[in-house]
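Proteins get letters first, then strands, A, B, ... in listed order; numbering begins at 1 in each. These values consider heavy atoms only, across backbone and side chains, with no hydrogens, waters or symmetry-generated copies.
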There are 2 protein chains.
Amino acid sequence: MKIGELSRATGTNIETIRYYERIGLLPEPDRTAANYRSYGDPHRARLTFVRHSRDLGFTIEEIRSLLDLSDDPERDCSEADRIASRHLAQVEEKIAQLTLLRDELTRIVGRCRGGVAADCRVIEALGDHRHCESAH
Amino acid sequence: MKIGELSRATGTNIETIRYYERIGLLPEPDRTAANYRSYGDPHRARLTFVRHSRDLGFTIEEIRSLLDLSDDPERDCSEADRIASRHLAQVEEKIAQLTLLRDELTRIVGRCRGGVAADCRVIEALGDHRHCESAH
DNA sequence: CTTGACCCTGTAGTTGCTACAGGGTCCATA
DNA sequence: TATGGACCCTGTAGCAACTACAGGGTCAAG
Ligand SMILES: [Zn+2]
Ligand SMILES: [Zn+2]
Ligand SMILES: [Zn+2]
Ligand SMILES: [Zn+2]
């Protein structure tokens, strides 16, 4: 499979595939006589794993650890569990932060009654955290 | 006020203050004989506005527009309202995405029963979106 | 007179890509 | 046989919003 086919098969930008190879996330594939990259099914599976993990918000370094783990099928999987749990906790933390933010922004946006910038309550609120009701 | 004092007064890293000046978000301050930056209260207020807006998640370009607006007190403030509303919508969108992600991650994490990597349901789920119950 | 805290400029690193520029290769059609 | 277009290659630079130096200058206290 050439890089364009792998790109279509996995929904991954060609430049991104070469980037993953460069940073060592994907192994260097064989080359054809014309120096074209030539991929097989294991490459496709690995890239699918990477993309899906990225879609779920894992960082490249987390994915590297997860791949190391799955490359070594005898290893205990508790590290995978730990990485995923920690990531879940981060997502929950982020949701909590954004929820605070959303509430604060809702209050701020609701204050504008139109008029000139000098009297705008939105601009006033942005300039002074003391108008806020929450930490953020 | 020297840059260190402004830094402490606003809770902003010194390098960040210089960065804001470089990109034209803060005006160039006067200099002392020793070529030290010298700030006054208007600088402090402007930086406070920038930091608070950043804390609320606005981008630098959005903040630039908001500052332009507040520099021109006769202008109609509806643009500020539009920027803030659009930002609020983006935050809500992000919360919705992360909530989907959280639910999916919760399912994935809950599947691990321990054991070796070869049998790990977490690793399996990461490698194949068909195990997922939602788009994400 | 030295020590330490502070300041300066300019550049490079971070994350995870994406977008070229400037080439080479391959295959079908005229 | 030539040529056009689709594909591939490497290497570098750009994005956001900082952050972290390196390598220097300034200043006040002891
Ligand atoms: Zn308004
Ligand atoms: Zn606030
Ligand atoms: Zn497991
Ligand atoms: Zn999925």
Side-chain angles (χ1 to χ4, degrees), chain A residues 1-26 28-39 43 46-67 83 86-87 90-91 94 97 101 136, chain B residues 1-26 28-39 43 46-67 83 86-87 90-91 94 97 101 136:
Chain A
M1 189 177 357
K2 282 188 286 179
I3 199 168
E5 292 167 81
L6 181 63
S7 166
R8 282 186 295 277
T10 61
T12 311
N13 197 318
I14 288 179
E15 329 260 45
T16 304
I17 298 173
R18 288 196 283 245
Y19 168 70
Y20 287 159
E21 180 184 327
R22 204 160 58 240
I23 64 172
L25 205 58
L26 298 182
E28 295 185 18
D30 290 342
R31 299 288 182 130
T32 67
N35 199 32
Y36 288 8
R37 288 174 179 81
S38 176
Y39 297 96
H43 289 101
R46 198 176 177 91
L47 180 52
T48 298
F49 184 100
V50 170
R51 288 310 308 174
H52 193 222
S53 301
R54 286 293 298 129
D55 289 344
L56 287 164
F58 289 92
T59 66
I60 297 281
E61 288 315 307
E62 285 167 340
I63 295 170
R64 213 187 281 280
S65 302
L66 290 165
L67 283 169
I83 292 171
R86 193 186 54 201
H87 179 52
Q90 284 165 359
V91 169
K94 189 79 194 172
Q97 278 173 24
L101 222 63
H136 51 90
Chain B
M1 189 177 358
K2 282 189 287 179
I3 199 167
E5 292 167 80
L6 181 62
S7 166
R8 282 187 295 277
T10 61
T12 310
N13 197 319
I14 288 179
E15 328 260 44
T16 303
I17 298 173
R18 288 197 283 246
Y19 167 71
Y20 288 159
E21 179 185 328
R22 206 160 56 239
I23 64 172
L25 205 58
L26 298 181
E28 293 184 21
D30 290 342
R31 299 289 182 128
T32 69
N35 200 32
Y36 288 8
R37 288 174 179 79
S38 176
Y39 298 97
H43 288 103
R46 198 176 177 91
L47 180 52
T48 299
F49 184 100
V50 170
R51 287 312 307 173
H52 192 222
S53 301
R54 287 291 300 128
D55 288 344
L56 287 164
F58 289 92
T59 65
I60 298 281
E61 288 315 307
E62 285 166 340
I63 295 169
R64 211 186 281 278
S65 303
L66 291 165
L67 284 169
I83 292 172
R86 194 187 52 201
H87 179 52
Q90 283 165 0
V91 170
K94 189 81 193 170
Q97 278 173 25
L101 222 63
H136 50 93

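- Residues that satisfy the side chain to side chain donor-acceptor pair (under 3.5 Å) test with A:His136, not counting sequence neighbours, are A:His129, B:His52.
- Here B:Tyr39 contributes atom OH and B:Leu47 contributes atom CG; the two are 8.5 Å apart, rounded to the nearest 0.5 Å.
- Judged purely by atom type and a 3.5 angstrom limit, B:His87 uses its side chain to pair as donor or acceptor with the backbone of B:Leu56.
- To the nearest 0.5 angstrom, B:Arg64 atom CZ is 12.5 Å from B:Ile83 atom CD1.
- The footprint of chain B on DNA chain C, defined by a heavy-atom cutoff below 4.0 Å, extends from C:dC6 to C:dT9.
- Looking at residues 11-22 of chain B, you'll see B:Ile14, B:Arg18 sit with a heavy atom under 4.0 Å from some atom of DNA chain C.
- One finds the CG atom of A:Leu67 at 12.0 Å from the CD atom of A:Glu62 (value rounded to the nearest 0.5 Å).
- The C1' atoms of five pairs define one axis at each end of the helix from C:dC1-D:dG30 to C:dA30-D:dT1, and these two axes lie 30° apart (to 10°).
- To the nearest 0.5 Å, atom CZ of residue B:Arg18 and atom CG of residue B:Leu26 are 13.0 Å apart.
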Yes or no on side-chain contact (heavy atoms from CB on, under 4.5 Å) for B:Lys94 and A:Lys94, after CA distance, side-chain angles and deciding distance?
CA-CA 10 Å; B:Lys94 189 81 193 170; A:Lys94 189 79 194 172; 5.7 Å; no
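- Taking 4.5 Å as the limit, some side-chain heavy atom of B:Glu21 sits within range of a side-chain heavy atom of B:Pro29.
- A:Thr12 meets the side chain to side chain donor-acceptor pair (under 3.5 Å) test with A:Thr10; sequence neighbours excluded.
- If you take CZ on A:Arg31 and CZ on A:Arg37, they are separated by 4.0 Å, rounding to the nearest 0.5 Å.
- The closest side-chain donor-acceptor pair between B:Arg51 and B:Tyr20 falls under 3.5 angstrom.
- Scanning residues 54-64 of chain B for heavy-atom distances under 4.0 Å to DNA chain C yields an empty list.
- Nucleic acid contact for B:Ile23: none, since no nucleic acid atom lies under 4.0 Å from a heavy atom of the residue.
- Of the possible donor and acceptor atoms, none in the side chain of A:His43 sits under 3.5 Å from a partner among the backbone N and O of A:Leu6.
- In terms of modelled atom types and a separation under 3.5 Å, the side chain of A:Ser7 and the main chain of A:Ile3 share no donor-acceptor contact.
- Nucleic acid contact for B:Arg51: sugar-phosphate only, since backbone atoms but no base atoms lie under 4.0 Å from a heavy atom of the residue.
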